[in-house]
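Throughout, residue positions are numbered sequentially from 1 according to the sequence presented. Counting starts at 1 for both ligands and their atoms, following the listed order.
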Amino acid sequence: MEKKFILITGSTDGIGYQTAIDLAKSGNHVIVHGRNQEKAELAMRKIEEVTNSYNLSYAYADLGSSSQIKEMVSDLYKRFDKLDVLINNAGIIRPERTVNQEGLEETFAINYIAPFLLTNLLLDLLKKGTSSRIVNVVSRVQSNQLNTEDLQLEKEYTAVKAYAKSKTALIMFTYLLAQKFRNQDITVNCLHPGVINTKLLRAAFGAGGASLAEGSKTLVFAAIAPELEKVTGKYFVNNRSVSSKEITYDIEVQKTLWKKTEEILGLAKTL
Ligand SMILES: NC(=O)c1ccc[n+]([C@@H]2O[C@H](COP(=O)([O-])OP(=O)(O)OC[C@H]3O[C@@H](n4cnc5c(N)ncnc54)[C@H](OP(=O)(O)O)[C@@H]3O)[C@@H](O)[C@H]2O)c1
């Protein structure tokens, strides 16, 4: 299989870290992303040791900072001629409502705003890749409704509500982006990795969960499985395309969300 250039956000720990190992082992060039230089470089060195692969690079940005995301992207454009796969994996769940320096509720910022911004900024690099793929790691924890007037849960915050809302928004972004790219050589899909024993799961729901190897399985599938080359706009669980919550298919809500996101980020019309 041809070597692919793959950026995985949040690959210093958990499912992203394991996915970086698996994709490096199968001969791809993996760009390990972490919140800062020290963490990203350390994780890359550990992955080098485990895999004996020297096809590794690292990149860093705190995904809660749009200026750091922009700096990382500009660095990536300088260092790479193309990107074949972007895996938006990094994610958090917060017990209490916290707001970042840009005034955004943090779960919403990391789980949804960051992938939206990063993906849009990397599109020109992805367009230079071969049959490029955008893979968004979401969750089976989804909302039944998406109130676009209260995206940041100013009124009735709970950890699970905020997490579900952010993942529901990311699924909607996946579907609308896939639709916008339907005539181009870029696919956009999302997936639930399973209930996996990571620090995110332990923080939110206590112990339990399957192994990291189980968790990385669907990410690897979505990123490189040859049979998915032309498959786009899907939600995968356990390597199977299944339906997400009904609200995620509402095109009017998808469009409103997109517009609101551009407003939040102060972007001109993106696509
Ligand atoms: N575990 C599950 O059962 C489960 C189920 C469904 C979906 N998911 C999704 O799977 C993805 C991976 O989660 P995980 O369970 O592997 O969690 P994890 O072990 O906590 O790993 C999360 C990764 O994201 C990074 N990250 C978090 N905030 C960041 C920020 N502000 N800037 C840069 N990087 C940041 C973390 O870096 P640090 O280590 O520096 O914090 C870490 O590398 C998430 O999107 C999660 O929602 C997980």
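In this structure, Ala61 has a heavy atom closer than 4.0 Å to ligand 1. Taking 4.0 Å as the cut-off, Arg140 does not count as a neighbour of ligand 1 on heavy-atom distance. Residue Val138 places a heavy atom under 4.0 Å from ligand 1. Under a 4.0 angstrom heavy-atom cut-off, Tyr163 registers as being in contact with ligand 1.
The shortest N or O to N or O distance between Leu201 and ligand 1 is not under 3.5 Å. Residue Pro193 has no N or O atom closer than 3.5 Å to an N or O atom of ligand 1.
Close contacts between ligand 1 and Val195 involve ligand atoms 3 (O) [criterion: under 4.0 Å to a heavy atom]. Near Val137, meaning under 4.0 Å from one of its heavy atoms, ligand 1 places the atoms 9 (C), 10 (O), 11 (C), 45 (O).
Between Phe173 and Trp258, the ring-plane angle classifies as tilted under the 30° and 60° cut-offs.
Comparing heavy-atom distances from atom 22 (C) of ligand 1 across Ser11, Gly91, Gly14 singles out Gly91 as nearest. Atom 5 (C) of ligand 1 has its nearest heavy-atom neighbour, among Gly194, Ala109, Gly16, Ala20, in Gly194.
A cation-pi arrangement is found for Lys46 relative to Tyr17, the charged atom lying closer than 6.0 Å to the ring centre and inside a 45° cone about the ring normal.
Among protein heavy atoms, atom 12 (C) of ligand 1 sits closest to Asn89 OD1, 3.2 Å.
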